[in-house]
Each structure stands twice: as C-alpha cells, then as structure tokens.
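Following: one structure in structure tokens, then a few remarks.
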Amino acid sequence: MQKWVGKRPTMGQKNLVAKYKRLLQQEESVTLTSQEKVLKIIEVECDKKSSRELKGVLGLTTQAIFFVSKHERMRYEYSQISDIDVRNDEKEKNNLRLSLKIGRSKRRFDDIKKNDDSQEFIEILEYMISNQSKEILTTVTHDFDYFLHAEKLAVLQNQNVHITSFLLERDNLSFTKNGERLLREKHKNAALVAEGFFQEDKQKRVILLCLNLKWSIYMNLIIKREKQDCYTNGILYTFLAQWLIGLQ
C-alpha cells in the first residue's frame, strides 16, 4: 500500500488504506496508467444529483484526479478542470467541501476532514492544475530515507520541483534522525550508522558513527546552537576503528 500513502503515512492515511484496501487493490490496475504516480489520497463523500451520497477515495496522480467507490468511478485530467472552490462545510465546521468546475458541469465532494492531509491535497491540486508539466514532491512520493537538508532543497529548487508544506514539516525529524539520514546519503556504502554520546565542556553532544567497508569510523557532531543545527565535517578516527576490529 506504500504506493498510495508513501513510506511515512499519518495515522489517518493508514486508516484510510485499511478501510479501502480491497477497493484500492482493484483500482491499481484499472485507474492508474503505468507511467502514473499517486501524489495523495483522501476520504470524501461524492454528492450526486440523484441525492445518493457515495463514500469513497479522492486521489491525485501526476496526470489526473480520480474518485472511486463501490458504485462509482470517475477520472478527470487536470486540463479538464477550469476552476476549483474550497470552503467550509455548512453542516460540519470541522469539514471542508470541494467543488470542481469541469466544462459546464460541477462535481462536488464533501465530508473532507480538516487536517494536514486534506490541506496537502488542496495544495497539490491547485499546483497541478496550473503546472501540469512540472514535478512535485509530496509526503507520498518522497523517500524519507533521505533528509531534505539545505543543499538538497537548493538542488530541487533549481530543478523547479515544488515541495509541499506538509512534506517539509514531516521530513524534519529529530536531530539524530536527520543527521543519520544525512550520513547515509553522504556515505552510501557505509556498513553501519549508529548513535552515541560524549561529554565535552559540560555539554552532551550527539555522535553519529558511520562505519564504512574499510573499518573506518566517521563521527559527525550535531550541535544545537541558537536553535540552529550545525553539522561539522566528518572526522576520521582510525584508532576507534582498530578497537572495533579487535572486538570481532
């Protein structure tokens, strides 16, 4: 189910996949093309003119927006959508209502929970309608094994890749986790990345040990100064490597 919610889904996204697991499995081969990637899915209720309200999944891909339920399936390319309208649900203040203008007709979806997932969904939808040929990085498509550090963000910006606000929030983990992911990126062949601590000048500092295949140890210090993360250069400790070898 990672294809639908990514590597680090929220609890709401996990529950959504569990609830519609069979439906999503069926739709994977029916709704999506081989070149398509899922950008985000949320649970909605489709308001039909026949007064039938259909509970299902509203999804965004790199090519289109789609809705699937047990009794209904619809799909629209982004180029077909001329306008969208998002407003608070009149009946439930904690819900949103989304209307899509497609040609002369409108499609309305309601019972959309107000949360970070729905806000990201709206951000993606608005962006894709105006930038169909550009790339976007979301909480579903991002590989959380790698940290979106300043250097990485600058590269993505130069490539005109849009990054959702929720992804930036979700990707910023603890100091240790961020440093560990940064080390894994810088030292792809490392056999071990571990955490330790040492005391210096009455300050406890985090150490990330990166053990490469030649039994060398790299220590990266993550120091919190004035609410900013400071990453020092890796320091080679051959004596520690020799000590570790002696333990084998």
### Task
Assess whether atom CD of Glu135 is packed by more than 12 heavy atoms of other residues, nucleotides or ligands within 6.0 Å.
no
### Query
Do Ile163 and Leu182 belong to the same hydrophobic cluster, where Ile, Leu, Val, Met, Phe, Trp and Tyr are linked whenever their side-chain heavy atoms lie under 4.5 Å apart, directly or via other members?
no
## Note on the structure
Output for pair (Gln132 CD, Thr62 OG1), nearest 0.5 Å, gives 11.5 Å
### Message
Could you check whether Asp111 pairs with Lys55 (Lys NZ or Arg NE/NH1/NH2 to Asp/Glu carboxylate O, under 4.0 Å)?
### Response
yes
#### Entry: Joint cluster assignment, Phe166 & Val44, ILVMFWY side-chain distance < 4.5 Å
no
### Query
Looking at side-chain heavy atoms only, is the closest gap between Asp116 and Glu169 below 4.5 Å?
yes
### Task
With the side chain counted from C-beta on, respond yes when Arg97 and Glu90 share a heavy-atom pair under 4.5 Å apart, and no when they do not.
yes
### Query
If you take all heavy atoms of Tyr146 and Asp171, which pair is closest and at what distance?
O-OD1, 3.6 Å
### Message
Show the nearest heavy-atom pair for residues Arg107 and Tyr76, with the distance to one decimal.
### Response
NE-OH, 2.8 Å
### Message
Any heavy-atom pair between the side chains of Leu60 and Val38 that's under 4.5 Å?
### Response
no
### Query
Does the side chain of Asn95 pick up a donor-acceptor pair with the side chain of Asp110 at under 3.5 Å?
no
### Message
Tell me whether the count of non-hydrogen atoms from other residues, nucleotides or ligands lying under 6.0 Å of CD in Glu77 goes above 12.
### Response
yes
### Query
Does atom NZ of Lys101 have more than 12 heavy-atom neighbours, drawn from other residues, nucleotides or ligands, at distances under 6.0 Å?
no
### Message
How long is the straight-line distance from CD1 of Ile42 back to CD1 of Ile112, given to the nearest 0.5 Å?
### Response
4.5 Å
#### Entry: Linked, directly or transitively: Val17 and Phe144 (ILVMFWY side chains, under 4.5 Å)
no
### Task
Check whether Phe147 and Leu153 end up in the same hydrophobic cluster, where Ile, Leu, Val, Met, Phe, Trp and Tyr are linked by side-chain heavy atoms less than 4.5 Å apart.
no
### Task
Indicate the atoms forming the closest heavy-atom contact of Ser69 with Gly56, along with that distance.
CB-CA, 4.1 Å
### Task
Quick one: which residue pairs count as a side-chain hydrogen bond (donor to acceptor under 3.5 Å, both in side chains) with a foot in residues 16-25, not counting sequence neighbours?
Lys19-Glu43, Tyr20-Glu43
### Heavy-atom side-chain proximity of Leu39 to Val140 below 4.5 angstrom
no
Donor-acceptor pairs under 3.5 Å, side chain of residues 117-126 to any protein atom, not counting sequence neighbours: which ones?
{"residue": "Asp117", "atom": "OD1", "partner": "Lys40", "partner atom": "NZ", "Å": "2.7"}
{"residue": "Asp117", "atom": "OD2", "partner": "Thr10", "partner atom": "OG1", "Å": "2.6"}
{"residue": "Ser118", "atom": "OG", "partner": "Lys113", "partner atom": "O", "Å": "2.7"}
{"residue": "Ser118", "atom": "OG", "partner": "Asn115", "partner atom": "N", "Å": "3.1"}
{"residue": "Ser118", "atom": "OG", "partner": "Asn115", "partner atom": "O", "Å": "2.9"}
{"residue": "Ser118", "atom": "OG", "partner": "Asn115", "partner atom": "OD1", "Å": "3.3"}
{"residue": "Glu120", "atom": "OE1", "partner": "Lys40", "partner atom": "NZ", "Å": "2.7"}
{"residue": "Glu120", "atom": "OE1", "partner": "Thr139", "partner atom": "OG1", "Å": "2.7"}
{"residue": "Glu120", "atom": "OE2", "partner": "Thr139", "partner atom": "N", "Å": "3.1"}
{"residue": "Glu120", "atom": "OE2", "partner": "Thr139", "partner atom": "OG1", "Å": "3.4"}
{"residue": "Glu120", "atom": "OE2", "partner": "Thr164", "partner atom": "OG1", "Å": "2.7"}
{"residue": "Glu123", "atom": "OE1", "partner": "Ser165", "partner atom": "N", "Å": "3.3"}
{"residue": "Glu123", "atom": "OE2", "partner": "His162", "partner atom": "NE2", "Å": "3.0"}
{"residue": "Glu123", "atom": "OE2", "partner": "Ser165", "partner atom": "N", "Å": "3.4"}

### Task
Kindly say whether Lys93 contributes a backbone atom to a donor-acceptor pair with the side chain of Asn88 at under 3.5 angstrom?
no
### Message
Within the structure provided, determine whether Leu156 and Lys152 are in side-chain contact (heavy-atom separation under 4.5 Å).
### Response
yes
### Task
Report the C-alpha separation of Trp4 and Gln13 in whole Å, then their side-chain angles, then the decisive distance to 0.1 Å, and conclude whether the side chain to side chain contact (heavy atoms under 4.5 Å, CB included) test is met.
CA-CA 9 Å; Trp4 298 98; Gln13 291 275 283; over 6 Å; no
### Message
Counting C-beta onward and ignoring hydrogens, is there a side-chain heavy-atom pair between Arg170 and His142 closer than 4.5 Å?
### Response
no
### Query
Measuring from Arg108:CZ to Asp85:CG, what's the distance to the nearest 0.5 Å?
10.5 Å
## Note on the structure
d(Leu167 CG, Leu148 CG) to nearest 0.5 Å is 5.5 Å
### Query
From Ile102 CD1 over to Ile81 CD1, what is the distance, rounded to the nearest 0.5 angstrom?
5.5 Å
### Message
Please determine whether side chain to side chain contact (heavy atoms under 4.5 Å, CB included) holds for the pair Leu54 and Phe67, giving the CA-CA distance in whole Å, both sets of side-chain angles, and the decisive distance to 0.1 Å.
### Response
CA-CA 10 Å; Leu54 305 171; Phe67 172 78; 4.3 Å; yes
### Message
Do Val57 and Glu27 make a side-chain contact, defined as non-hydrogen atoms from C-beta onward lying under 4.5 Å apart?
### Response
no
### Message
Measuring only between side-chain heavy atoms, which start at C-beta, is Asn94 closer than 4.5 Å to Asp89?
### Response
no
### Message
If the threshold is 4.0 Å, N to carboxylate O, is there a salt bridge linking Glu36 and Arg75?
### Response
yes
### Minimum heavy-atom distance Ile136-Thr141, with the two atoms named
O-OG1, 3.9 Å
### Message
Between Asp145 and Lys7 (salt bridge meaning N to carboxylate O under 4.0 Å), is one present in this structure?
### Response
yes
### Message
Counting neighbours of CD on Gln157 that are heavy atoms of other residues, nucleotides or ligands and sit closer than 6.0 Å, is the number greater than 12?
### Response
no
### Message
To check you understand the geometry: which heavy-atom pair defines the closest contact between Arg73 and Val68, and what is its length?
### Response
CG-CG1, 4.1 Å
### Query
Applying the 4.5 Å side-chain criterion to the ILVMFWY set and letting contacts propagate, would Tyr78 and Met74 be lumped into a single cluster?
yes
### Query
Atom CG of Leu137 and atom CG of Leu168: how far apart are they, to the nearest 0.5 Å?
9.0 Å
